[in-house]
Amino acid sequence: MADSGDRKVAIIGSGLIGRSYAMLFASSGYQVSLYDIEIEQIDKAKDDIKSQLLKLEEEDEQYQLIQGVTDLKSCVEDAFFVLECVPERLEIKQNVWKEAEPFITRDDVILSSSTSALLPSDISRNFLRKERFIISHPTNPPFYVPLVEVVPASWTDADVVTQTLKLLESIGLVPVLVRKEVKGFVLNRIQYAILAESWRLIRDGVMTAGDLDKVMSCGLGVRYAFMGPFETAYLNAEGMHSYSERYADMILGIQQDMGPPERMDGPVLDLIQIDMEATVGPVSEIQQRRQWRDRRLAALAKLKADLNKND
C-alpha cells in the first residue's frame, strides 16, 4: 500500500460514485483531486459533499482535503491512485483514459475504474501501462455500503492487486477479489438473478412489487445484512451437508420452475412503476427518498461496527 508520503488520489468524474469515493479518501486523510469537465458539476459535487459531511458530523478539515479541478493534467499528475468514475460506456471510459494517461507521472501508479459491468481487459487493452490497471467496483452508495469488488485483468501486476485491496480496506471499505473476469462481476450477477425472478413473480400475478420488496427488506435482507446465503444455509441446518440432504431436491425443483429471464420493459414494467410510485413516492421526490435510504444505511453501518467491536 502507499506509504505516508503517497497522499494524492485523483478521481475522474464528480457524479455520485466519485463524490462518495472522494469523501472516503478525504476521511482517511488523503488529498483528493476531483475532476469534471464543467466547473458547475464540480461546484454541485462539493456542495453535496459538504452537506453530507455536515450530516455525518465530520470535520471541516476533511472537506478541505478535496480539491475540485477542471484540468485533467493537474488532477492526475503525481497521484499514486487514479480512479475513473465516468458514465458506464466503454468508449467514454477508453477516451478519458487515453486523454489522462500521458499526464500520469508515477511508474508505480494504480489505475482503476469504478465500472459495474465492463471487463477490465476491455477497458485497458490499449493502455500505455495496462499492467497497472484494475477495477474497483463499489456498492452504491459506497460511503454507506462498504463492499467493493476488485477485479484485475489477466495482465494486471500482482502488486497492483495486493496494494488495491489494502488501500480500499484502509479507507473503511470491504474489498473482495473477483479472481477471473465474468460479466457483471459477482454482486450484479446475484442482484440480477433476484430481479429476474422478482420480475417473473410480478408478471404472473403472484405478488405486488411493494410486497415483493418487503420479502427482501423484512425477510431475506434482514439476515443478509449480517450473513450471506451460505452462512444462512449453514446455520439453518447442521452444516452444508445437512442442508443439502434436507433441501437440495426441493431447491433444484424450484429453480427448474423459474423459467428464462425477460427484458425489463412493457406492461410489467409499467405495473411496477405504478406500484413503486404508490409505495415509495413519485420520481419528483426521489432525492428525499435517497436521503431516507442513506440515513438508514448509515445507522445500520454504525450498528454493525458497534457489534463487531463487542464480538
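Quick caveat: nothing in here was measured; it's all calculated off a predicted structure. Values reported hereafter were calculated over all heavy atoms of this structure, with side chains retained and with hydrogens, waters and symmetry mates removed.
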Does [Y] offer a backbone N or O that forms a donor-acceptor pair with the side chain of [X] under 3.5 Å?
| X | Y | result |
| --- | --- | --- |
| Thr162 | Asp159 | no |
| Arg200 | Met258 | yes |
| Lys93 | Val86 | yes |
| Asp36 | Ile42 | no |
| Glu149 | Val178 | no |
| Ser242 | Ala237 | no |
| Glu101 | Leu128 | yes |
| Asn308 | Lys304 | yes |
| Gln67 | Val69 | no |
| Ser112 | Ile134 | yes |

Which atom of [X] lies closest to which atom of [Y], heavy atoms considered:
| X | Y | result |
| --- | --- | --- |
| Ser74 | Lys8 | O-NZ, 2.8 Å |
| Ala22 | Ile66 | O-CD1, 3.8 Å |
| Pro175 | Leu165 | CG-O, 3.5 Å |
| Glu131 | Val160 | O-CG2, 3.9 Å |
| Ala26 | Gln62 | CB-O, 3.3 Å |
| Arg125 | Asp122 | NH2-OD1, 2.9 Å |

Cluster overlap [X] with [Y], hydrophobic side-chain contacts below 4.5 Å:
| X | Y | answer |
| --- | --- | --- |
| Ile110 | Phe103 | no |
| Ile104 | Tyr21 | no |
| Leu72 | Leu111 | yes |
| Ile194 | Tyr224 | yes |
| Leu168 | Leu83 | yes |

Spacing of [atom1] belonging to [X] relative to [atom2] belonging to [Y], to within rounding of 0.5 Å:
| X | Y | atom1 | atom2 | value |
| --- | --- | --- | --- | --- |
| Ile272 | Ile202 | CD1 | CD1 | 4.0 Å |
| Met240 | Leu235 | CE | CG | 10.5 Å |
| Ser27 | Leu53 | OG | CG | 6.0 Å |
| Thr279 | Asp211 | OG1 | CG | 9.0 Å |
| Phe25 | Ser170 | CZ | OG | 7.5 Å |
| Leu147 | Thr139 | CG | OG1 | 4.0 Å |

Any side-chain heavy atom of [X] within less than 4.5 Å of one from [Y]?
| X | Y | answer |
| --- | --- | --- |
| Thr232 | Leu220 | no |
| Leu269 | Trp199 | yes |
| Ser136 | Thr164 | yes |
| Leu300 | Phe226 | yes |
| Val109 | Val76 | no |
| Asn236 | Arg223 | yes |
| Thr156 | Pro120 | no |
| Trp97 | Val82 | yes |

Tell me whether [X] at atom [atom1] has more than 12 heavy atoms from other residues, nucleotides or ligands lying less than 6.0 Å away.
| X | atom1 | result |
| --- | --- | --- |
| Arg289 | CZ | yes |
| Ile37 | CD1 | no |
| Asp265 | CG | yes |
| Tyr234 | OH | no |
| Arg296 | CZ | yes |
| Asp249 | CG | no |

| message | Assess the residue pair Arg7 and Leu65 against the criterion (side-chain contact (heavy atoms from CB on, under 4.5 Å)); give the C-alpha distance rounded to whole Å, side-chain angles, the decisive distance to 0.1 Å, and a yes or no. | response | CA-CA 10 Å; Arg7 307 308 301 171; Leu65 289 172; over 6 Å; no
Between [X] and [Y], do the side chains contain an N or O donor and an N or O acceptor separated by less than 3.5 Å?
| X | Y | answer |
| --- | --- | --- |
| Thr115 | Glu88 | yes |
| Asn188 | Gln191 | yes |
| Glu84 | Ser113 | yes |
| Ser124 | Trp155 | yes |

Side-chain ion pair, [X] and [Y], N-O less than 4.0 Å:
| X | Y | answer |
| --- | --- | --- |
| Arg132 | Asp157 | yes |
| Lys166 | Glu169 | no |
| Asp71 | Lys73 | no |
| Asp47 | Lys44 | no |
| Glu91 | Lys98 | no |
| Asp306 | Lys302 | yes |
| Asp48 | Arg19 | yes |

| query | Can you name the residues that form a side chain to side chain donor-acceptor pair (under 3.5 Å) with Tyr144, not counting sequence neighbours? | reply |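 So Tyr144 forms a side chain to side chain donor-acceptor pair (under 3.5 Å) with Gln52.
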| field | Worked check of side-chain contact (heavy atoms from CB on, under 4.5 Å) between Gln291 and Arg295 | value | CA-CA 6 Å; Gln291 293 171 352; Arg295 288 194 301 271; 4.0 Å; yes
| query | Going by the angle between their ring planes, with limits at 30° and 60°, are Phe127 and Phe133 parallel, tilted or perpendicular? | reply |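 Aromatic pair Phe127/Phe133 classed perpendicular.
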| field | Parallel, tilted or perpendicular, as decided by the 30° and 60° cut-offs, for the rings of His137 and Phe185 | value |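 The arrangement is tilted - the two ring planes meet at 30° to 60°.
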| task | Evaluate the criterion side-chain contact (heavy atoms from CB on, under 4.5 Å) for residue pair Glu197 and Gln255; output intermediate values, then yes/no. | result | CA-CA 10 Å; Glu197 179 56 19; Gln255 288 173 334; over 6 Å; no
| request: Please check if the distance between the ring centroids of Phe81 and Tyr30 is under 6.0 Å. | output: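 No, ring centres 6.0 Å or more apart.
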| said: Set out, in order, the CA-CA distance, both residues' side-chain angles and the distance that settles side-chain contact (heavy atoms from CB on, under 4.5 Å) for Asn140 and Val145, then state yes or no. | reply: CA-CA 7 Å; Asn140 193 31; Val145 186; over 6 Å; no
